Amino acid sequence: MSLKKWVYGMLPLACIIIIFLFSATPYQEQDIKPMLASHIDLSPLEPFLSPIHFTYHGQEVSVQAVGVYSVVEFFIRKAAHFGVYFCLAILAFAALYKGFGLKYRLSLRIALVISILYACFDEFHQSLTPGRTPYVGDVVIDTIGACVGLLVVIIGRNLYHIYWKRS
């Protein structure tokens, strides 16, 4: 295997390992509310976050029900879901397209499938971790992150062809 394939192949694998390690960590060890409370006064956000009320995985998410620190932590955790699968999809695409030389559209499709399948596996893996629960809503967030990541790839490639390659 060439160095190029090896390097490109290791990037999505590193992302997968990071996801796996976070999923293997019990929630109590990942709870950032105490750190937030000891370092940041979030009370100025309460007026802006108070109108937010919704149910996620059978629990109400609102300042009134769980407090401002829990609401902020919820959005940080969901942004992490989105962000890590955004990165995984891009890295998988790069490995397939640049590293292994697959066709552009095929690389996009396979990168999306890899991201979705790993999101499903990740939720199963969480079911085996104490204090963690699997939820299909997280797979949806992960899938949206992967789709947006690949959309950035598509837009970037199109912009490159429109503005730079023609000159």
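Everything numeric here is computed off the predicted structure, so don't read it as measured data. The residues of the chain are indexed from 1 along the displayed sequence.
Proximity of Val72 to Leu49: side-chain heavy atoms (C-beta onward) are separated by under 4.5 Å at one or more points. Using a 4.5 Å cut-off on side-chain heavy atoms (C-beta onward), Asp142 and Ser115 make no contact. Using a 4.5 Å heavy-atom cutoff, the side chains of Ile40 and Met35 are not in contact.
The hydrophobic clustering, which links ILVMFWY residues whose side-chain heavy atoms are closer than 4.5 Å, places Phe75 and Val66 together. Residues Leu151 and Tyr104 do not share a hydrophobic cluster, clusters being chains of Ile/Leu/Val/Met/Phe/Trp/Tyr side chains in contact below 4.5 Å. Both Leu150 and Tyr97 sit in one connected hydrophobic cluster of ILVMFWY residues. Membership requires side-chain heavy atoms under 4.5 Å apart, directly or through other members.
The main-chain N or O of Pro51 is found under 3.5 Å from a side-chain atom of His53 such that the two form a donor-acceptor pair. Counting only distance, with no hydrogens or angles, the side chain of Gln126 and the backbone of Pro134 share no donor-acceptor pair below 3.5 Å. Judged by distance alone, with hydrogens and angles left aside, the side-chain atoms of Thr129 form a donor-acceptor pair with the main-chain N or O of Ser23 at under 3.5 Å. One N or O on the side chain of Arg132 and one on the backbone of Thr25 form a donor-acceptor pair closer than 3.5 Å. Between the side chain of Tyr69 and the backbone N or O of Leu42 there is at least one donor-acceptor pair closer than 3.5 Å.
Closest heavy-atom contact between Val63 and Val71: N-CG2, 3.6 Å. When all heavy atoms are compared, the tightest approach of Pro47 to Pro44 is CD-O, 3.3 Å. When all heavy atoms of Thr133 and Glu123 are compared, the pair lying nearest together is O-OE1, 3.9 Å. Heavy-atom minimum distance, Lys5 versus Gly99: CG-O, 2.9 Å. In this structure, Ile32 and Glu73 approach most closely via the heavy-atom pair N-OE2, 3.2 Å.
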*Check step by step if side chain to side chain contact (heavy atoms under 4.5 Å, CB included) holds for Phe86 and Val152.*
CA-CA 9 Å; Phe86 176 97; Val152 167; 3.9 Å; yes
*Can you list the steps and then say if Phe74 with Ile52 is a side chain to side chain contact (heavy atoms under 4.5 Å, CB included)?*
CA-CA 12 Å; Phe74 172 84; Ile52 298 172; over 6 Å; no
*Under the side chain to side chain contact (heavy atoms under 4.5 Å, CB included) rule, what do Cys147 and Leu112 come out as? Steps first, then yes or no, please.*
CA-CA 7 Å; Cys147 288; Leu112 182 59; 3.8 Å; yes
_Using side chain to side chain contact (heavy atoms under 4.5 Å, CB included), reason through Ile144 and Phe82 one step at a time and then give a plain yes or no._
CA-CA 7 Å; Ile144 292 169; Phe82 178 94; 3.8 Å; yes
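Crowding of Gln64 atom CD: a count of heavy atoms from other residues, nucleotides or ligands under 6.0 Å exceeding 12. Counting non-hydrogen atoms of other residues, nucleotides and ligands closer than 6.0 Å to CZ of Phe54 gives a total above 12.
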Considering only distance and modelled atom types, tabulate donor-acceptor pairs under 3.5 Å from the side chains of residues 11-22, sequence neighbours left out.
none

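Between Tyr118 and Phe121, the ring-plane angle classifies as tilted under the 30° and 60° cut-offs. Classified by interplanar angle (parallel below 30°, tilted 30° to 60°, perpendicular above 60°), the ring pair His57/Tyr135 is parallel.
Here the OG1-CG distance, from Thr143 to Asp138, works out to 10.5 Å after rounding to the nearest 0.5 Å.
Phe100 has its ring centre no less than 6.0 Å from the ring centre of Tyr8.
Residues Leu96, Leu102, Leu106, Ile110 make up the rest of the hydrophobic cluster containing Ile114, defined by ILVMFWY side-chain heavy atoms closer than 4.5 Å, directly or through other members.
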